[in-house]
Amino acid sequence: MDNFLAYDNLLYSLYTAIDFEDLKGKLLCHLEELIPHQYSSILLMDPNYSRKGGSLKVSEFFCKPSEFMEAEKTYMEKYPEAMNRRLNISRETVSVRESSLMPEAERLHSKVYQECYRRFDIYDTLQLSIASGNDLLAVLTLFRTRAAGAFADEDVYLLKALSKHLNTIFYKHCRERDTAASVSGAVETITKKVHMTPKETEILTLIFLTKSNLEICDELGIKEHTLQKHFQNIYRKLNISSRWELLRFAHDGAQGLGMGQAS
């Protein structure tokens, strides 16, 4: 496929991804059309790592095909120092081609290669940092076998050309995932202290996700007057009188709850 068409197809698939699962699947699939390779992985960074020179930590990872997860898992578990070097290189450099950093003999005779990648016949890697400002969000790595040969300068250029798009898209999805996790924690904290009906719990979640009344009604299939009744019950149970007070709990937790009736 022509590189322009492959690039266009990839960007369209990324910007139309409905969630992170859809995003990673489309990314790893369409990248094969743009930059031929045999294996690929995405390492997602833990958002809670220290941002002032501290160690980076992988929170989860994905591979294509799935059996390649064994190689990356072995790497992380048995060679944490080597993994830290790999992540720190990503922290400082947008794109890295291993064959341009290390001679073939050294690459293919290292302990990491022998134990992690030899069975997959890996010959070269091309790595891209995905970041927001100074915060590393993820590391995307493409792997080629000996039969496929080393990555070319054009491959490095094509991957770099994607970096701004991937930075923007990953930041959006990572922020949404973090927000959803934070909201879930806030709702759980409140419902452990105050009894809420299933519908009230749904409404709490949507309010904390900053949905408007119209969006909440549409999503739950209820009328505005019904929603207002649910609001009244929630406010009464939490001993508050406004939506603003309710939104504070999404940030402050339930420590400041005035606790009204629990029924």
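Counting begins at 1 with the first residue of the sequence. Quick note: numbers below take in every heavy atom, side chains included, and nothing from hydrogens, waters or symmetry partners.
Scanning for salt bridge (Lys or Arg N to Asp or Glu O under 4.0 Å) contacts around Lys211 gives an empty result, with sequence neighbours left out. With sequence neighbours excluded, no residue forms a ring-ring contact (aromatic ring centres under 6.0 Å, His included) with His109. Applying the side-chain contact (heavy atoms from CB on, under 4.5 Å) rule to Thr168 yields no partners; only residues at least two apart in sequence or on another chain are considered. Take Ala71 and apply the side-chain contact (heavy atoms from CB on, under 4.5 Å) test, not counting sequence neighbours, and it matches Phe68, Tyr117, Phe120. Looking at residues two or more places apart in sequence or on another chain, you find a side-chain contact (heavy atoms from CB on, under 4.5 Å) between Tyr235 and Phe231, Ile240, Arg243, Leu246. Checked against salt bridge (Lys or Arg N to Asp or Glu O under 4.0 Å), Glu72 has the following partners two or more places apart in sequence or in another chain: Arg86. In this structure Lys223 satisfies the salt bridge (Lys or Arg N to Asp or Glu O under 4.0 Å) test with no other residue, sequence neighbours excluded. Judged as a side-chain contact (heavy atoms from CB on, under 4.5 Å), and not counting sequence neighbours, the contacts of Lys199 are Thr197, Glu202, Ile203, Leu220, His230. Under the salt bridge (Lys or Arg N to Asp or Glu O under 4.0 Å) criterion, Glu67 pairs with no residue, sequence neighbours left out.
Pairs engaging residues 153-167 under the salt bridge (Lys or Arg N to Asp or Glu O under 4.0 Å) rule: Arg97-Asp153, Arg144-Asp155 [sequence neighbours left out]. Pairs of residues two or more places apart, or lying in two chains, never qualify as salt bridge (Lys or Arg N to Asp or Glu O under 4.0 Å) while including a residue from residues 9-20. Listed by first and then second residue, the salt bridge (Lys or Arg N to Asp or Glu O under 4.0 Å) pairs that reach into residues 106-125 are Glu70-Arg119, Lys78-Glu115, sequence neighbours excluded.
Rounding to the nearest 0.5 Å gives a distance of 5.5 Å between CZ of Phe62 and CD of Glu21. In this structure, OH on Tyr75 lies 14.0 Å from OH on Tyr113, to the nearest 0.5 angstrom. From Leu204, atom CG reaches atom CG of Leu209 across 11.0 Å, with rounding to the nearest 0.5 Å.
Nearest approach of Thr210 to Glu215, heavy atoms of both residues: O-OE1, 4.4 Å. Nearest heavy-atom pair, Ile207 versus Leu247, reported as atom, atom and distance to 0.1 Å: O-CD2, 3.4 Å. For the pair Arg146 and Leu108, the tightest heavy-atom approach, listed with the atom from each and the gap, is NH2-CD1, 3.1 Å. For the pair Ala161 and Tyr7, the tightest heavy-atom approach, listed with the atom from each and the gap, is O-OH, 2.9 Å. Between Met45 and Ser59, the closest heavy-atom pair is O-OG, 3.6 Å. Residues Leu128 and Ser95 share a closest heavy-atom pair of CD1-CB, 4.3 Å.
Put simply, the side chain of Ile130 does not reach to within 4.5 Å of the side chain of Ile42, judged on heavy atoms. Side-chain contact between Phe170 and Leu27: present, with at least one pair of heavy atoms (C-beta onward) separated by less than 4.5 Å.
Using modelled atom types, no side-chain atom of Ser132 and backbone atom of Asp135 make a donor-acceptor pair closer than 3.5 Å. Looking only at distances, no side-chain donor or acceptor of Lys64 sits under 3.5 Å from a matching main-chain atom of Gly25.
There is no side-chain donor-acceptor pair under 3.5 Å between Tyr12 and His30. In the model, Glu224 has a side-chain atom that pairs as donor or acceptor with a side-chain atom of Gln228 under 3.5 Å.
For Tyr171, the OH atom counts as loosely surrounded, since its 6.0 Å shell holds 12 or fewer non-hydrogen atoms of other residues, nucleotides or ligands.
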